Amino acid sequence: METNLTDVNELIKRRYEELEELQKMGIEPYAYSFDVNADSEDIKNNFNEDEKREVKIAGRIMAIRRMGKASFAHIMDDKGKIQIYLRKDEIGEQYAAFKLMDIGDIVGVEGFVFKTRTGEISVHVTSLKLLAKSLRPLPIAKEATDEHGNKIIYDQFADKELRYRQRYVDLIVNPDVKEVFITRSKIISAIRRFLDEQGYLEVETPILQPLYGGAAARPFITHHNALDIDLYLRIADELYLKRLIVGGFNGVYEISKDFRNEGMDRTHNPEFTMMELYVPYKDYEWMMNFVEQLITHICKVVFNKTEFTFEDKTIDFKTPWKRISFVDAIEDKTGVNVIKASEDELKGLAKNLGIDLGAAEGRAKLIDEIFSETVEPELIQPTFVVDYPVELSPLAKKHRSKEGVVERFETYVAGKEICNAFSELNDPIDQRKRFEDQVKLREAGDEEAHQVDEDFLRAIEYGMPPTAGLGVGIDRLVMLLTNQTSIRDVILFPQMKPENQ
RNA sequence: GGGCGCGUAGCUCAGUGGUAGAGCAUCUGCCUUUUAAGCAGAGGGUCGGUGGUUCGAAACCACCCGCGCUCACCA
C-alpha cells in the first residue's frame with residue numbers, strides 16, 4: 001500500500017532503475033499521445049491471411065515470452081488481448097528498450113497482422129513505443145486452455161479486500177469484472193433512453209436537504225458553515241420530485257445516489273443508486289404495466305433475452321407478471337388477516353414464526369416482518385405484490401375500494417424487492433394526518449419514521465394531480481441481471497473502512 | 001452490532017512449538033513463431049500489530065487492526 005520511495009520493495013526498485021535506463025536511452029517513459037487505428041477485437045474479427053494489414057494499436061503488456069533475439073507478448077486494450085511479435089533484427093534499438101519493459105507497461109505498437117505457426121492471430125511489430133512505464137508489479141494471473149477448451153486461470157487475483165480497494169487493478173486483471181460494469185452502464189442508459197422516449201424529463205433535486213424524507217431510514221448529517229445549519233444527505237428523491245409534479249411537469253425522473261446511514265452487507269452500501277419516476281394523471285395499475293415494459297425493454301436491448309440465471313434459479317421476465325395481494329398472500333400462508341388482526345394477535349403470530357421481536361415494534365413493522373418471513377422468499381419469478389397496509393406507506397394513497405390498505409405495489413424477483421411504487425397521496429389533509437402518525441412513531445422511538453415536511457404539505461395544498469410514482473434500486477437490479485450476489489460487485493468503489501496507514 | 005472464519009514473498013497458497021517453504025512473478029545466462037514457452041542459476045519475508053506463555057512462537061493465549069461469510073435492520 002505504501003508509496004514512499006524509502007521502503008519500496010525489490011520489484012518496484014527494479015522498475016525505477018529500468019525507468020532511468022530508458023531515459024538514458026533517450027526514451028520518454030510517459031508519452032503524450034499515440035494514434036490508434038485498430039483494436040484487438042477488430043483485428044481478430046477481420047483477419048485475412050494475405051492482406052498483411054497494417055495496424056496501430058495500444059494497450060497494456062499482460063504477458064511476455066522472451067526468446068533471446070525475438071519475443072512474444074500479449075497486450076490488452078479496451079476490447080481484450082492480442083499477441084504481438086518482436087524481432088531484434090527488425091526493430092533494433094527498440095528491442096533493447098523492450099528488454100527494459102515489463103508486464104503492466106503501456107505501449108503503442110505499429111505492425112502487420114499475421115497468424116503464428118500455432119494459429120494465433122498476432123501483430124508483427126515494426127515499431128514499438130513506450131507510452132507509460134508501470135512502476136508497480138501487477139498481480140497478474142496466467143491463463144491456459146485445457147483439452148476441452150475451458151479456460152483455466154492460475155493464481156487469479158482473488159483477495160476481495162484488495163480488489164475493492166484497488167479496483168483499478170481488479171479491472172485490469174479480472175476481465176469479468178469489467179464486463180459487469182459495462183453491463184451496468186448499458187442498463188442505466190437503456191433505462192434513461194426508455195424514459196426519455198416516453199417524454200419524461202430528467203431532473204436533479206437536492207442531495208443536501210434541511211429535512212429528509214421519502215423513505216424509512218436513518219440519514220447522514222453534514223454541516224453548512226456559512227449558514228451554520230446541519231443538513232441531511234437525501235435518503236430518497238420522492239418529496240422533491242412530487243413538488244415538481246405540483247409545478248406542472250408532465251412526468252419527471254431522477255437517477256442518482258441516495259444515502260442511508262445504516263449497516264453494510266452484501267445487499268447494502270451506504271450510498272446507492274435509485275431511479276425514481278413520477279407521472280401525473282396515472283395510478284399504480286398503470287405503473288405496473290409500465291414497469292413490465294421498462295424491465296422487458298432492458299432485457300431486450302441489453303441482453304436480448306428474457307431468461308436469466310440468478311444463483312441457482314432461473315428467472316423469466318416474460319410478461320404478464322403474476323400479481324398477488326399483500327394481505328391475501330399472508331393470509332394464505334398463515335390464516336391470519338393482518339388488517340383485521342389486533343396488535344397482540346400479530347405479536348403472537350410473529351412469535352410463532354420465530355421472528356425476534358425487538359422493543360416497541362409497531363403494527364407496521366410486525367406486518368412487514370411477517371411478510372418477509374412467510375411470503376417474500378417464495379417470490380422467485382417476477383411478481384407484483386399489491387395493496388399494502390396503510391401503516392407501512394405514509395406517502396401512498398388510500399385504496400379506492402379496499403379498507404385499511406393503500407394503492408401500492410412492490411415488484412419481487414428471486415425473493416428480493418426490486419421496485420416500489422404507488423398511487424401518490426395527493427390529499428393534503430390525509431398527508432398531514434399520515435405525517436402526524438409518523439411523528440407519534442418517532443416519539444415512540446422509531447428513528448426511521450418521517451418528520452413533518454411543511455413545505456411539501458404546502459406544495460400539495462396548491463394541488464397535485466393524481467400521480468403514479470416508482471422507485472427502482474438500480475444496484476439490486478444490476479445484481480439480479482448480472483448474477484452478482486454482492487452489491488460490492490456492482491459498485492465500482494464500494495464503501496470500505498479506511499485503510500490503515 | 002452478534003456468531004463463524006481468515007491475514008505467511010508482488011500474486012496464489014503449504015507450513016500445529018525447534019534453521020521460514022512451493023508454484024507463478026522478479027533478476028542473471030542461453031534461446032529468432034512462443035503461448036502456464038523452455039533450460040540452468042540467483043535474490044526476495046518485522047509470518048497483520050501489540051503484549052503474554054515458553055529455553056525457544058508463523059504456530060499457543062489475550063487484546064487490537066483489517067477482510068470475508070452469516071444473522072439481525074434497511075433498498
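For clarity, every value in this text was computed on a predicted model and none was experimentally measured. Proteins get letters first, then strands, A, B, ... in listed order; numbering begins at 1 in each.
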> Is any N or O donor-acceptor pair between the side chain of A/Glu120 and the base of B/U34 shorter than 3.5 Å?
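Flag unset: no donor-acceptor pair detected.
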> Quick one: list whatever passes side chain to side chain donor-acceptor pair (under 3.5 Å) with A/Thr267, sequence neighbours left out.
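Partners of A/Thr267 under the side chain to side chain donor-acceptor pair (under 3.5 Å) test: A/Asp265.
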> At under 4.0 Å between heavy atoms, which parts of nucleotides 36-47 of chain B does protein reach? Answer with one letter per nucleotide, 5' to 3': B base, S sugar-phosphate only, - none.
BB----------
> Taking the ring centre of each residue, are A/Tyr200 and A/Tyr253 less than 6.0 Å apart?
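No, ring centres 6.0 Å or more apart.
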> Would you indicate which nucleotide in B/U26, B/U34, B/C11 comes nearest to any side-chain atom of A/Ile103?
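Closest of the options to the side chain of A/Ile103: B/U26.
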> If I take atom CZ in residue A/Arg163 and atom P in nucleotide B/C11, what distance separates them, rounded to the nearest angstrom?
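Distance, rounded to whole Å: 14 Å.
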> Is A/Asp159 side chain donor-acceptor paired with the B/C11 base, going by distance under 3.5 Å alone?
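In this structure, the two groups form no donor-acceptor pair.
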> Do A/Phe422 and A/Phe409 have ring centroids that are under 6.0 Å from one another?
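Ring centres of A/Phe422 and A/Phe409 not closer than 6.0 Å.
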> Take the protein atom CD1 of A/Ile12 and the nucleotide atom C1' of B/C11, then report the distance between them rounded to whole Å.
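It works out to 13 Å between those atoms.
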> Distances under 3.5 Å only, N/O to N/O: pair up the protein atoms with those of nucleotides 3-8 of chain B.
none

> For A/Glu18, answer base if it contacts any base atom (sugar-phosphate contacts may also be present), sugar-phosphate if it contacts only those atoms, and nothing otherwise; contact means non-hydrogen atoms under 4.0 Å.
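Sugar-phosphate contact only.
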> From B/C73, B/U32, B/G66, pick the nucleotide closest to the side chain of A/Glu161?
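Of B/C73, B/U32, B/G66, B/G66 is nearest to the side chain of A/Glu161.
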> Is the positively charged end of A/Arg167 above the ring of A/Phe493, judged by distance under 6.0 angstrom from the centroid and angle within 45° of the axis?
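That pair does not qualify as a cation-pi contact.
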> Only counting residues at least two apart or in another chain, list the ones meeting salt bridge (Lys or Arg N to Asp or Glu O under 4.0 Å) with A/Arg87.
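Result, salt bridge (Lys or Arg N to Asp or Glu O under 4.0 Å) vs A/Arg87: A/Asp89, A/Glu90.
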> Are more than 12 heavy atoms, taken from residues, nucleotides or ligands other than A/Gln23, located less than 6.0 Å from that residue's CD atom?
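Enclosed.
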> Without decimals, in angstroms, what is the distance between A/Ile121 CD1 and B/U34 C1'?
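Taking atom C1' of B/U34 as the reference, CD1 of A/Ile121 is at 16 Å.
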> Rounding to the closest angstrom, what is the interatomic distance between B/A22 and B/G44 at atom P?
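Each nucleotide's P atom is 13 Å from the other's.
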> Relative to each other, are the rings of A/Tyr232 and A/Tyr212 parallel, tilted or perpendicular (30° and 60° limits)?
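The rings of A/Tyr232 and A/Tyr212 stand perpendicular, inter-plane angle above 60°.
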> Nearest to the side chain of A/Arg165 - B/U34, B/G66, B/U32?
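The nucleotide sitting nearest to the side chain is B/G66.
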> For atom C1', what is the distance between B/A20 and B/C13, given to the nearest Å?
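These two C1' atoms come out 14 Å apart once rounded.
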> What is the distance from CD1 of A/Ile172 to C1' of B/C11, rounded to the nearest Å?
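Interatomic distance, CD1 of A/Ile172 to C1' of B/C11: 14 Å.
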> Using the C1' atom as the point on both nucleotides, what is the distance between B/U12 and B/U70, in whole Å?
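Approximately 26 Å lies between the C1' atom of B/U70 and that of B/U12.
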> If you look at every strand shown and take non-hydrogen atoms under 4.0 Å, does A/Asn269 touch a base, only sugar-phosphate, or nothing?
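Here A/Asn269 touches the bases of the nucleic acid.
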> Just checking A/Phe384 against A/Tyr284, ring centres under 6.0 Å apart?
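No: the rings miss the under 6.0 Å criterion.
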> What nucleic acid atoms does A/Arg87 come within less than 4.0 Å of, heavy atoms only: base, sugar-phosphate, or nothing?
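Contact class for A/Arg87: base.
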> Please state the C1' separation for the pair B/A42 and B/U34 - nearest whole angstrom.
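About 25 Å, rounded to a whole number of Å.
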> On a whole-Å scale, what distance lies between the C1' atoms belonging to B/A9 and B/G68?
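Roughly 23 Å separates the two C1' atoms.
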> Roughly how many Å apart are B/A58 and B/U19, using the C1' atom of each and rounding to a whole number?
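Nearest-Å result for B/U19 against B/A58 at atom C1': 14 Å.
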> Contact class for A/Asn420 vs. all strands (heavy atom < 4.0 Å): base, sugar-phosphate, or nothing?
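Contact class for A/Asn420: none.
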> My understanding is that only residues two or more places apart in sequence, or in another chain, count here; which of them pass side chain to side chain donor-acceptor pair (under 3.5 Å) with A/Lys242?
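Checked A/Lys242 against side chain to side chain donor-acceptor pair (under 3.5 Å); matches are A/Glu238, A/Glu424.
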> Just to be sure I understand the rule, does A/Ala216 reach a base, reach only the sugar-phosphate, or reach nothing, if contact means heavy atoms closer than 4.0 Å?
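Contact class for A/Ala216: sugar-phosphate only.
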> Output the rounded distance in Å from NZ (A/Lys52) to C1' (B/U33).
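Those two atoms, NZ and C1', are 13 Å apart.
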> In whole Å, measure the gap between the C1' atoms of B/C30 and B/G17 for me.
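Comparing C1' positions in B/C30 and B/G17 gives a spacing of 46 Å.
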> Checking contacts here: which listed nucleotide (B/G10, B/U34, B/C67) is nearest the side-chain heavy atoms of A/Arg488?
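The closest nucleotide is B/C67.
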> Please work out if A/Gln156 contacts a base, only the sugar-phosphate, or nothing of the nucleic acid, heavy-atom cut-off 4.0 Å.
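Sugar-phosphate: the residue A/Gln156, judged by heavy atoms under 4.0 Å, touches backbone atoms but no base.
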> Please, what dot-bracket string fits RNA chain B when only Watson-Crick and G-U pairs with both distances under 3.5 Å count, crossing ones use [ ] and pairs to another strand use |?
(((((((..((((....[..)))).(((((.......))))).....(((((..]....))))))))))))....
> Toward the 5' end of RNA chain B, which comes first, A/Leu138 or A/Ala70, by nearest nucleotide?
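Residue closer to the 5' terminus by nearest nucleotide: A/Leu138.
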> What nucleotide among B/C67, B/C73, B/U33 has an atom nearest to a side-chain atom of A/Glu448?
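Side chain of A/Glu448 sits closest to B/C73.
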> With a distance cut-off below 6.0 Å to the six-membered ring centre and an angular limit of 45° from the axis, does A/Lys88 pair with A/Tyr95 as a cation-pi contact?
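Verdict for A/Tyr95: no cation-pi partner in A/Lys88.
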> CD1/A/Ile191 to CD1/A/Ile298 distance, rounded to the nearest 0.5 angstrom?
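If we round to the nearest 0.5 Å, A/Ile191:CD1 and A/Ile298:CD1 are 4.0 Å apart.
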> Of the options B/C73, B/G68, B/U34, whose atoms approach the side-chain atoms of A/Tyr164 most closely?
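My answer, after comparing the listed nucleotides, is B/G68.
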> When rounded to the nearest Å, what value does the distance between P atoms of B/G21 and B/G43 take?
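Each nucleotide's P atom is 12 Å from the other's.
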> Is the cationic atom of A/Arg66 (NZ for Lys, CZ for Arg) positioned less than 6.0 Å from the six-membered ring centroid of A/Phe98 and within 45 degrees of its normal?
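The answer is yes; both the distance and angle limits are met.
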> Measure CG/A/Asp105 against P/B/U26 and give the value in whole Å, please.
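Roughly 11 Å, once rounded to whole Å.
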> Any chance NZ of A/Lys52 has more than 12 other-residue heavy atoms, nucleotides or ligands included, within less than 6.0 Å?
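No.
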> Check every atom of B/C69, B/U32, B/U34 against the side chain of A/Lys160 and return the nucleotide holding the closest atom.
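Of all the options, the side chain of A/Lys160 is nearest to B/C69.
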> Would you check if A/Glu54 and A/Glu110 make a side-chain contact, meaning some heavy-atom pair closer than 4.5 Å?
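Sidechains of A/Glu110 and A/Glu54: no contact.
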> Quick check on B/C69: is either OP1 or OP2 less than 4.0 Å from any side-chain nitrogen or oxygen of A/Arg266?
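For B/C69, OP1/OP2 do not have a side-chain N/O of A/Arg266 under 4.0 Å.
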> Measure from CD1 on A/Ile153 to P on B/C13 and round the result to the nearest Å.
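It is 13 Å, rounded to the nearest whole Å.
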> Rounded to whole Å, how long is the line connecting atom NZ of A/Lys13 with atom P of B/A9?
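To the nearest whole Å, that distance equals 18 Å.
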> Is the gap between the ring centers of A/Tyr240 and A/Tyr278 under 6.0 Å?
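No, too far apart.
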